[in-house]
Amino acid sequence: MIAQLDAIHQDAQAAIEDACDEAALEEFRIRFLGKKGALTQAASGMRDVSKEDKPAVGQKLNEVRQALTRFVEARSAQLLALKDAEAAKGIDVTLPGRRPQQAAFHPLTQVMHRGISALRQMGFTLAAGPEVETEFHCFDALNTPEDHPARNEKDTFYFADGHLLRTHTSSVQVRTMETTKPPVRIIAPGSAYRRDEIDSTHLSVFSQMEGLYVAEDVSLGDLKGTLERLFRAIFGPKTPVRFRPHFFPFTEPSFEIDIKLQPKGQDPRWIEIAGCGMVDPNVFRQICESRGDDVYDPDKVTGFAFGLGLERLAMIMWGIPDIRLLIENDQRFLRQFASA
Ligand code: DAH
């Protein structure tokens, strides 16, 4: 039987050389070590071995089994190493590693923070309101007549129940005054929605920042001083700011604000950046009616309001040519703002 075991050992030694993949190795294992394999069969011959020879034969059997098991293990490790080497082929391990990317705020968040920080220094606090609004808060309370084009179904997203997606953050003015007595000095950054065709300067969801200051004797001078300071904080202390008469239903007088900037490689020019004005007495009257008191009586309080588009601000600030870059989340674009 010893001779038989030696023969199995030799056979296995030759056969393992041919086990050149995992399937062949498994075949080898079954052939020699499996339930019906050569070694198991040989082991069944132990029955017939004489008592004196049993220890020696038993030892031999164990040795051969261990040797065969080692063959399988060694071959398996070899095959794995080969597989690794195959997978790593063409990889240059001497190349430098990749730097982890630095996290940063989105450019829109960055402009919003700048605006908020400048206005907080002037005593404004943050306010918010719902994006799904009533017609009352978005339009009626803001002195915007029924037939105003902004209220058109072509321009505004309406829900079947008459609610709408707010077209501007100005609705937060109304919500704030309904619940807060004057003086109020708030800024409300947030999303606004319009049924605009999306192109390089329009999105159907965009961001605005609304401001409102109501107290006794708030003047046009306060409005100009506050907004000049805001835009100079964002664009530099010497930035020229001008107020151009305009019309908004909720302010009287109303203005558009332009700042003068020199885009890279171009002549300086005036760029429109925000809308503003003195709160229309009709807005105050409507608020008094909603509240059922007279703390916003236009004979007692005055105020100014303003609103600006944050995408536009970011585009001007960094010379971004297409508004869609701000929502596409393309890392190649966004990465440029990581150190700002
Ligand atoms: N709501 C205006 C818009 O979306 C912006 C605006 C203009 C807001 C004048 C104001 C304001 O508060 O006084 O275009």
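Each residue takes its place number in the sequence, starting with 1. Quantities reported herein were computed from a predicted structural model and do not represent experimental measurements. Atoms within each ligand, like the ligands themselves, are counted from 1 in listed order.
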Checklist entry - Remaining members of Y193's ILVMFWY cluster at a side-chain heavy-atom cut-off under 4.5 Å? => result V132, F157, F159, L165, V205
Checklist outcome for this item: Quick note, salt bridge (Lys or Arg N to Asp or Glu O under 4.0 Å) partners involving residues 69-85, not counting sequence neighbours, are E22-K83
Expected list for residues 28-35: side-chain donor-acceptor pairs under 3.5 angstrom, two or more places apart:
unit_1	atom_1	unit_2	atom_2	d
R29	NE	E26	OE1	3.2
R29	NH2	E26	OE2	3.0

Item to check | Side-chain heavy-atom pair Y296, V184 within 4.5 angstrom cut-off | outcome: yes
Checklist entry - Who are the residue neighbours of ligand 1 when the rule is a heavy atom under 4.0 Å from any of its atoms? => result H168, S170, Q173, R194, Q208, E210, F248, F250, T251, G275, C276, G277, A305, F306, G307
Next on the checklist: Cation-pi check for F255 against R244: NZ or CZ below 6.0 Å from the six-membered ring centre and within 45 degrees of the axis, yes or no?
Outcome noted: no
Checklist entry - Can we say E135 and R151 salt-bridge, meaning some charged N sits less than 4.0 Å from an Asp/Glu carboxylate O? => result yes
